[in-house]
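Everything below concerns the one structure shown next.
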Amino acid sequence: MRLVSFGLRISVKKYTNRPLTTMATSSRVQPKWHTPATDKDSKPVLKLYNSMTKTKNEFIPKRAGHVSWYNCGPTVYDAAHMGHARTYLSMDIIRRVLESYFGYQVQFVQNVTDIDDKIILRARQQYLFSNLKESTQQLDGALVHQVEKAWNDYAVSKLAAVKGAAGCATSDWNGFVIKMTPKELAKAVVVDEKFKMHFTALQASRAAIDAAKVALAQGNTDKQSADALLDSSQDIVSLSLDKAQGESVTDAKIFRDLPAYWEDMYFKDMKELNVLPPSIKTRVSEFVPEIVTYVEKIIANGYAYEANGSVYFDTGRFDGHNGHHYAKLAPTSKGDQALIEDGEGSLGSKLQGKRSMNDFALWKASKPGEPVWDSPWGKGRPGWHIECSVMASAVLGDNMDIHSGGIDLAFPHHDNELAQSEAYYNCPQWVNYFLHAGHLHVEGQKMSKSLKNFITIQEALKTYTPRQLRIFFLAHQWNTKMDFKQSSMQEAIQMETTIKNLLDNVAALGDRIRSDGSRGSTLLPGGEITHRWRNEENELTSFFQDRVDAVHVALCDSINTPIVMDEIMALVSQTNKYVAKGASVVNIELLDDITSWITKMMETFGVDMGTSSKSNPDSDKEFLMQCLRTLSSFRDKVRQLALEKKEPKEYLKLSDELRDVHLADLGVALDDQKDGTALVKLLTPDEVKKARDEKAAQQAAKEVKQLVAKQQRLQKGWDRLQKGVKSPEELEAERKQETPEPSKNQLKKLAKDVGLQKTLHEEYQKYAAFLKESGRQDSLDSYDAYLGQGK
């Protein structure tokens with residue numbers, strides 16, 4: 001103890017006179033942390049093009065992290081077409097971006113309109129036409145007369161808008177058809193956009209009527225002939241039947257079955273297009289009591305009135321009263337009677353009792369031949385516009401973040417929705433952001449179901465895949481006009497192919513690098529290894545990060561998917577240049593990072609690039625056995641060639657057969673590389689065969705091009721050879737006879753021409769000798785053989 005104490009005293013005394021240092025103290029204190037420098041002001045915020053303001057507004061949801069959204073659903077009376085896809089697929093992309101990219105929880109409400117004038121008319125007409133066709137057992141004069149009368153009535157009513165057209169058509173149809181040149185037809189369409197549709201229906205029916213008359217004259221009265229007449233005249237006959245018998249259709253089931261069928265078809269189409277189902281689906285037929293209550297309150301608030309069993313919204317009372325505004329979305333369309341009448345429906349427009357032509361029906365008094373529900377105003381049915389107000393309010397209440405639909409619904413439908421709802425709640429703004437998908441045109445022409453120039457979704461899917469259609473939509477801004485045309489679809493298909501090829505190539509490179517023992521390192525000449533992170537990788541990484549930033553900016557800019565796709569394609573192009581260096585050079589982790597991001601972005605938009613699939617032990621075992629059987633068969637053939645001592649070209653032929661046929665059938669693609677090896681890609685059999693067929697087609701096209709070029713060269717050479725038939729002496733004699741006293745310049749030219757002719761004549765003599773020796777006739781084929789004789 002004394003030694004220890006003494007030692008301590010010595011230690012203290014030894015260092016007492018030295019200045020104290022802070023080293024030991026500071027090493028035990030947490031050093032200052034420096035906040036990273038960033039340009040906060042440059043960070044973009046999400047903005048959406050808002051039809052309420054006609055500009056891009058910063059998106060501020062009512063509740064942080066949540067989005068309440070109502071999307072106008074389909075009126076289900078016919079097959080869904082590409083115009084529907086324009087709205088529902090576009091909104092699906094926006095919804096996915098909000099959910100998967102920006103991280104919002106979206107409550108997406110969408111209705112099904114299963115009570116509507118179009119549905120009532122279609123259901124009645126379809127029912128009456130089916131009954132007529134079923135009850136008609138043979139072709140007779142009475143049926144022909146019935147169809148012909150319907151044809152005449154249709155022509156008189158539907159062609160009336162174009163001066164003189166109805167009279168000319170009914171008095172001399174053949175003459176009218178001759179008169180309707182493309183130019184005249186175009187003029188008529190300017191007056192009545194449905195003229196061409198009616199003209200086409202009349203033309204088909206007229207041809208069927210004439211054919212039926214010929215059949216009767218020949219004694220042919222079978223049911224098949226009767227059905228042919230009715231089927232070709234269905235639109236015309238159905239309209240006639242409805243006018244005569246429509247009021248007799250009273251079975252409510254008839255009006256339920258038609259929309260139920262087309263609703264199922266619609267959702268099947270949406271599933272094929274990979275459109276997410278709504279969070280909540282509402283049907284008009286299930287909300288009729290709520291609609292009645294809603295209308296009662298609007299009346300109580302002073303913005304609606306009853307007349308003859310119907311209830312109308314009082315636009316005059318609402319507009320400008322208590323801070324309300326009518327036609328917020330399309331103020332320039334206010335008072336447009338054509339649009340208002342179309343919005344009221346073909347049955348609703350006949351109702352009486354409106355105080356103003358601008359008013360619209362909230363509740364329609366039903367007439368015979370229409371479905372009915374009880375109400376305080378008598379039996380009737382809901383108006384079209386009130387349906388969405390009630391269903392959206394039932395789920396989302398007195399205010400929502402987003403309402404969406406097609407631009408053709410802006411006025412009067414969406415404007416009327418806003419007016420009704422704001423009248424009901426006595427609020428200044430029911431919807432915060434209104435999104436409208438742009439019009440769809442087909443090869444430059446506006447598509448419309450009412451004009452019958454539409455392409456159904458199922459028809460489109462016979463030509464294009466859901467993935468190709470979605471990429472096509474991504475290449476067009478959601479709120480602008482989109483032209484659905486073949487050339488644009490080919491561009492989308494090329495984008496798909498380019499992206500898919502990169503993903504497949506990188507996956508194949510990864511498989512090779514992970515199996516070749518290199519672990520992604522580079523072997524140096526001295527036997528040492530080094531990394532693969534050089535200037536090329538730094539440059540590609542910088543380019544990649546710039547594209548990521550640019551995509552974020554584009555998505556914040558009202559979900560600008562065309563710009564996004566441009567940025568993705570630029571990244572694909574730059575990455576392809578890097579990939580071309582080969583498996584022995586590239587950094588696979590960087591490539592995996594890039595392709596993972598591309599895949600994730602495409603999945604964000606609802607595009608599955610097919611790069612991931614769940615493994616199934618049984619199917620994996622069967623696939624392995626198929627591959628082993630294929631390789632075993634290939635080995636047997638190689639051994640046989642070796643035993644027969646065949647030429648090397650036979651082995652190459654066998655290898656090509658393995659690649660192009662047997663492995664292709666298994667979905668295995670071998671991509672030959674410059675170093676003599678091949679990348680192995682595991683795709684689908686259809687993808688491999690398609691790529692093989694495209695390659696073969698390209699090779700065939702190349703060969704045809706080469707053949708044409710060769711023929712052109714032969715023709716040019718043969719034509720030149722024919723000029724050598726004359727001897728140089730003959731040419732000189734002809735020229736001197738033409739010009740007995742040539743000038744000095746003419747003599748110089750003659751000497752030059754004679755020298756050239758001597759060369760041509762000598763060549764021709766060789767060719768003529770070849771023809772004589774070979775017994776050939778003078779032709780391009782003979783000239784080709786002459787050129788090749790020395791080879």
Side-chain angles (χ1 to χ4, degrees), residues 71-93 110 112-113 116 118-119 122 126 182 185-186 189 193-201 203-204 231-232 234-235 258-259 261-275 342 404-409 436-496 561-562 605-607:
N71 188 52
C72 265
T75 300
V76 283
Y77 68 98
D78 206 341
H81 54 67
M82 287 303 294
H84 292 116
R86 173 57 171 148
T87 295
Y88 301 120
L89 208 159
S90 296
M91 294 305 154
D92 182 70
I93 291 170
Q110 182 173 298
V112 173
T113 295
D116 183 78
K118 295 185 182 73
I119 294 173
R122 179 63 61 86
Q126 186 172 295
L185 198 57
V189 170
E193 65 175 3
K194 296 184 180 181
F195 185 89
K196 185 177 180 181
M197 178 188 76
H198 297 317
F199 177 75
T200 301
Q203 201 168 24
D231 288 339
S232 297
Q234 180 171 352
D235 290 343
L258 177 79
Y261 171 81
W262 287 117
E263 178 187 332
D264 289 344
M265 293 300 103
Y266 163 79
F267 280 108
K268 286 180 180 178
D269 287 345
M270 293 301 106
K271 186 175 182 179
E272 283 199 59
L273 291 177
N274 197 28
V275 171
D342 185 62
S404 58
I407 187 61
D408 54 312
L409 299 180
H436 283 112
H439 281 300
L440 179 79
H441 288 224
V442 178
E443 298 292 345
Q445 299 295 316
K446 181 182 175 182
M447 192 179 79
S448 168
K449 183 176 283 187
S450 63
L451 299 178
K452 295 197 174 180
N453 68 336
F454 60 92
I455 299 172
T456 68
I457 290 172
Q458 286 302 314
E459 288 170 341
L461 288 173
K462 290 177 182 177
T463 306
Y464 308 109
T465 66
R467 183 165 70 190
Q468 290 164 353
L469 290 172
R470 190 170 281 254
I471 290 174
F472 170 73
F473 275 64
L474 286 168
H476 294 79
Q477 183 61 3
W478 58 270
N479 61 319
T480 61
K481 185 184 80 173
M482 184 172 76
D483 197 357
F484 184 66
K485 55 184 179 181
Q486 187 175 6
S487 60
S488 297
M489 281 305 305
Q490 290 305 313
E491 292 174 4
I493 292 171
Q494 185 57 50
M495 291 170 69
E496 173 197 40
T561 58
F605 300 135
V607 180

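Worth saying up front: this structure is predicted, and the values here are computed from it rather than measured. Residue numbers count from 1 along this sequence.
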Within the 4.5 Å heavy-atom criterion, are [X] and [Y] side-chain neighbours or not?
| X | Y | result |
| --- | --- | --- |
| Gln458 | Met265 | no |
| Arg122 | Asp78 | yes |
| Leu469 | Met489 | yes |
| Thr561 | Phe473 | no |

[X] side chain vs [Y] backbone, donor-acceptor pair below 3.5 Å:
| X | Y | value |
| --- | --- | --- |
| Asp483 | Gly444 | yes |
| Tyr88 | Gly73 | yes |
| His198 | Phe195 | no |
| Arg86 | Trp478 | yes |
| Gln234 | Gln126 | no |

Which pair of heavy atoms, one from [X] and one from [Y], lies closest together, and at what distance?
| X | Y | value |
| --- | --- | --- |
| Pro74 | Gln110 | CD-NE2, 4.0 Å |
| Leu273 | Ala85 | CD1-CB, 4.1 Å |
| Ile455 | Ala460 | CG2-N, 4.0 Å |
| Gly405 | Asn71 | N-OD1, 3.8 Å |

Output the distance between atom [atom1] ([X]) and atom [atom2] ([Y]), rounded to the nearest 0.5 Å.
| X | Y | atom1 | atom2 | answer |
| --- | --- | --- | --- | --- |
| Leu185 | Thr200 | CG | OG1 | 7.5 Å |
| His476 | Lys481 | NE2 | NZ | 10.0 Å |
| Leu89 | Leu440 | CG | CG | 11.5 Å |
| Gln494 | Ile471 | CD | CD1 | 11.0 Å |
| Glu443 | Ser487 | CD | OG | 6.5 Å |
| Thr87 | Asp408 | OG1 | CG | 6.5 Å |

Check the pair Arg467, Asn274 against side chain to side chain contact (heavy atoms under 4.5 Å, CB included), reporting the backbone distance first and the verdict last.
CA-CA 9 Å; Arg467 183 165 70 190; Asn274 197 28; over 6 Å; no
Before you tell me yes or no, could you show the steps for Val607 and Glu496 under side chain to side chain contact (heavy atoms under 4.5 Å, CB included), namely the whole-Å CA-CA distance, both residues' side-chain angles and the distance that decides it to 0.1 Å?
CA-CA 10 Å; Val607 180; Glu496 173 197 40; over 6 Å; no
Test side chain to side chain contact (heavy atoms under 4.5 Å, CB included) applied to Val442 and Met82, step by step:
CA-CA 9 Å; Val442 178; Met82 287 303 294; 5.9 Å; no
Examine Phe472 together with Phe484 and report whether their ring centres are nearer than 6.0 Å.
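Yes.
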Plane angle bin for His439 and His441 - parallel if under 30°, tilted between 30 and 60°, otherwise perpendicular:
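Perpendicular.
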Given Glu263, which of Leu258, Val112, Thr113 fulfils the side chain to side chain contact (heavy atoms under 4.5 Å, CB included) condition?
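When side chain to side chain contact (heavy atoms under 4.5 Å, CB included) is applied between Glu263 and each of Leu258, Val112, Thr113, only Val112 qualifies.
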Short N-O contact, Arg470 and Asp92, less than 4.0 angstrom
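Answer for the salt bridge query: yes.
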Do Asn479 and Ile407 pass the side chain to side chain contact (heavy atoms under 4.5 Å, CB included) test, and can you show the C-alpha distance, the side-chain angles, and the key distance before you say yes or no?
CA-CA 8 Å; Asn479 61 319; Ile407 187 61; over 6 Å; no
